[in-house]
Chemist: 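Attaching a single structure in structure tokens format; questions to follow.
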Amino acid sequence: DTGSAAAVPIDPRFDIAYVTPVTIGTPPQTLQLDFDTGSSDLWVFSSHTPTSQIRGQEIYTPDKSTTSKLLDGHTWSITYGDGSASRGNVYTDNFTVGGLAVASQAIQCAQQVSSSFTTEESIDGLLGLGFSTLNTVNPASQLTFFDNAKSKLGSPVFTADLKNKQAGTYDFGFIDKAKYTGEITYVPVNPDPGYWTFTSSGYAVGSGNFSGSPITGIADTGTSLVYLPTAIVTAYYRQVQGATNSRNYGGYVFPCSATLPPFTFGVGETKFTIPASYMSYAPVTDGSSTCFGGLQSSSGIGVNIWGDVALKAAFVVFNGANPPTLGWATK
Ligand SMILES: CSC[C@H](NC(=O)[C@H](Cc1ccccc1)OC(=O)N1CCC(N)CC1)C(=O)N[C@@H](CC1CCCCC1)[C@@H](O)Cn1ccccc1=O
């Protein structure tokens, strides 16, 4: 079997996150979930979520599904890098993504979500595509959709083809040759931290020389920006007129009129260039002439993160074979 579904930006003006339609239960209930390779819980706004915490999101109502089953006594609780959090109980039910079906997928129903989830009306929940070892369900951790689907897939892979300010695609079980150019460069993945951890072969700022220092980080579809070591980030913003590291805005900002250099990163022998237009993330507040950078320092995070700003510049194969690898191709 295979599956293919759209990854739609939640805001047409800038790529803060992408959502993908999924169906849960019988008859099918459709929700828009944020596919996140940086976590491994599949959780949804539900009939168990206090109505005061719901603002426009679609919800899953297990009692309306003839195939839902309560996973008695199981609970979950998760906090993300940006401080957002949710927790609740667990059901199993039929689940499909782009025509690919999994029977009795663990569906984590929110009984509590933090305010940033309530205010983000376009996200009805998350679908974790990290390694199942990170799943937070107690007393028995649950498998991700990808791990449950693997045995049905021709090839144990999923691919991310995220795009700039337009809908991209998540494919499951196959690699679509029409989505990339040249060869796919595969690099080893260290699954122990629980996310797709790989080592980039270096970087260049604009037309500057390529620095071949290895950068270990994670390929994270659930993170908007790129977070790299301070030395790299300062080297980049030294090339941007008027750029400053703003405590007020929590990162590097610059005049929206500034000329930005592109940013190149290496995977094996292949080089990927993030165009300058992707490196200006968004005005710090609506209508402001100060813009927030798409590249920020990872010093406060503890891990380097190749988020959507970088992933949009490539076609990425998440190979769930043993051992797992990551494939990168230009497009
Ligand atoms: C430095 S990890 C910060 C990162 N969260 C972001 O990237 C959010 C995404 C967002 C924001 C608002 C609406 C929608 C989406 O966006 C910003 O934080 N932005 C964009 C807007 C900018 N003005 C400020 C910077 C983050 O926790 N990701 C996790 C998944 C997210 C959680 C929030 C909801 C969307 C999915 C996750 O993969 C990060 N992870 C990765 C590895 C290990 C643990 C871990 O937890």
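Ligands are counted one by one from 1 in listed order, and the atoms in each one are counted from 1 as well.
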Chemist: From the options Thr23, Asp93, Asn94, select the one residue that forms a side chain to side chain contact (heavy atoms under 4.5 Å, CB included) with Pro28.
Modeler: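 The side chain to side chain contact (heavy atoms under 4.5 Å, CB included) with Pro28 is passed solely by Thr23 among Thr23, Asp93, Asn94.
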Chemist: I want to check a possible cation-pi pair here: Lys69 against Tyr91, using under 6.0 Å from ring centre and within 45° of the ring axis as the test.
Modeler: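 No, a cation-pi geometry is absent between Lys69 and Tyr91.
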Chemist: Is it the case that ligand 1 has an N or O less than 3.5 angstrom from some N or O of Asp36?
Modeler: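 Checking ligand 1 against Asp36, an N or O pair does fall under 3.5 Å apart.
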Chemist: Between Asp286 and Arg13, does any side-chain N to carboxylate O distance fall below 4.0 Å?
Modeler: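 Result for this pair is yes, salt bridge flagged.
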Chemist: Shared ILVMFWY cluster between Val317 and Val189, side chains joined below 4.5 angstrom?
Modeler: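 Val317 does not cluster with Val189.
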Chemist: Assess, by modelled atom type and distance only, whether the side chains of Thr144 and Ser40 contain a donor and an acceptor separated by less than 3.5 Å.
Modeler: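 Absent: no donor and acceptor within the cut-off.
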Chemist: Within ligand 1, which atoms have a heavy atom of Tyr195 less than 4.0 Å away?
Modeler: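 Matching atoms, with element in brackets: 42 (C), 43 (C).
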Chemist: Answer with yes or no whether Ser39 contacts ligand 1, where contact means a heavy atom under 4.0 Å from a ligand atom.
Modeler: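 Per 4.0 Å heavy-atom rule, Ser39 does not contact ligand 1.
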Chemist: Relative to ligand 1, is Ser84 under 4.0 angstrom through side chain, backbone, both or neither, heavy atoms considered?
Modeler: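 For Ser84, only side-chain atoms sit under 4.0 Å from ligand 1.
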Chemist: With heavy atoms under 4.0 Å as the rule, classify the contact between Ile123 and ligand 1 as side chain, backbone, both or neither.
Modeler: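 Contact part for Ile123 vs ligand 1: side chain (C-beta onward).
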Chemist: Considering only non-hydrogen protein atoms, determine which one is nearest to atom 13 (C) of ligand 1 and report residue, atom name and distance to 0.1 Å.
Modeler: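 Scanning the protein heavy atoms, the shortest distance from atom 13 (C) of ligand 1 goes to Glu120 OE1, 3.6 Å.
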Chemist: Are Ile301 and Leu225 connected into the same hydrophobic cluster when the rule is that any two of I, L, V, M, F, W, Y join if their side-chain heavy atoms are below 4.5 Å apart?
Modeler: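 In one cluster: yes.
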Chemist: For ligand 1, which atoms sit closer than 4.0 Å to a heavy atom of Asp34?
Modeler: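 Here the atoms of ligand 1 in question are 35 (C), 36 (C).
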Chemist: How far is atom 23 (N) of ligand 1 from the closest protein heavy atom, and which atom is that?
Modeler: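 Its nearest protein heavy-atom neighbour is Tyr281 CE2, 4.0 Å.
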Chemist: So, is Ala17 polar-close to ligand 1, with some N/O to N/O distance under 3.5 Å?
Modeler: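 For ligand 1, there is no N or O atom that lies under 3.5 Å from one belonging to Ala17.
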Chemist: List the closest protein heavy-atom neighbour of atom 2 (S) of ligand 1: residue, atom name, distance to the nearest 0.1 Å.
Modeler: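 Protein heavy atom with the smallest distance to atom 2 (S) of ligand 1: Thr223 OG1, 3.8 Å.
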Chemist: Among protein heavy atoms, which sits nearest to atom 34 (C) of ligand 1, and what does the distance come to when rounded to 0.1 Å?
Modeler: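 That would be Phe117 CE2, 3.5 Å.
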Chemist: Are Phe35 and Phe158 near enough that their ring centres are under 6.0 Å apart?
Modeler: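 Ring centres of Phe158 and Phe35 not closer than 6.0 Å.
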Chemist: Does the cation-pi check pass for Lys165 over Phe14, that is, NZ or CZ under 6.0 Å from the six-membered ring centre and within 45° of its axis?
Modeler: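 No; the conditions do not both hold, so Lys165 does not lie above the ring face of Phe14.
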Chemist: So, Ser39 and Asp36: side-chain donor and acceptor under 3.5 Å apart, yes or no?
Modeler: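 Judged by distance alone, the side chains do pair up.
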Chemist: Report the part of Asp220 in contact with ligand 1, treating N, CA, C, O as backbone and CB onward as side chain, heavy atoms under 4.0 Å; options are side chain, backbone, both, neither.
Modeler: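 Side chain only; the backbone of Asp220 stays clear of ligand 1.
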Chemist: In the protein, what heavy atom is nearest to atom 42 (C) of ligand 1, and what distance, to one decimal place, separates them?
Modeler: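 Atom 42 (C) of ligand 1 sits closest to the protein heavy atom Gly38 O, 3.4 Å.
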Chemist: Can you list the ligand 1 atoms lying under 4.0 Å from a non-hydrogen atom of Ile301?
Modeler: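 Those atoms are 1 (C).
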Chemist: Test of understanding: given a 4.0 Å heavy-atom threshold, classify the contact between Asp82 and ligand 1 as side chain, backbone, both, or neither.
Modeler: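 Both of them.
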Chemist: Can you pull out the closest protein heavy atom to atom 45 (C) of ligand 1? Residue, atom name and distance to 0.1 Å, please.
Modeler: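 Ranked first by proximity to atom 45 (C) of ligand 1 is Gly81 N, 3.8 Å.
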Chemist: Among protein heavy atoms, which lies nearest atom 19 (N) of ligand 1, and at what distance?
Modeler: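 Protein heavy atom with the smallest distance to atom 19 (N) of ligand 1: Ser224 OG, 4.1 Å.
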Chemist: Pairing donors with acceptors under 3.5 angstrom, does anything connect the side chains of Asp124 and Gln57?
Modeler: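 No, no side-chain donor-acceptor pair sits under 3.5 Å.
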Chemist: Identify, by atom number and element, the atoms of ligand 1 in contact range of Ile218, meaning under 4.0 Å from any of its heavy atoms.
Modeler: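 Listed by number with element, the hits are 41 (C), 42 (C).
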Chemist: So, Asp171 and Thr169: side-chain donor and acceptor under 3.5 Å apart, yes or no?
Modeler: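 No, Thr169 and Asp171 have no side-chain donor paired with an acceptor closer than 3.5 Å.
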Chemist: Could you identify the single nearest non-hydrogen protein atom to atom 31 (C) of ligand 1 and state the distance to 0.1 Å?
Modeler: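 Of every protein heavy atom, Gly222 O, 3.3 Å lies nearest to atom 31 (C) of ligand 1.
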Chemist: Report the relative orientation of the aromatic rings in Trp43 and Phe117; use parallel for angles under 30°, tilted for 30 to 60°, perpendicular for over 60°.
Modeler: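 Judged by the thresholds at 30° and 60°, the geometry between Trp43 and Phe117 is perpendicular.
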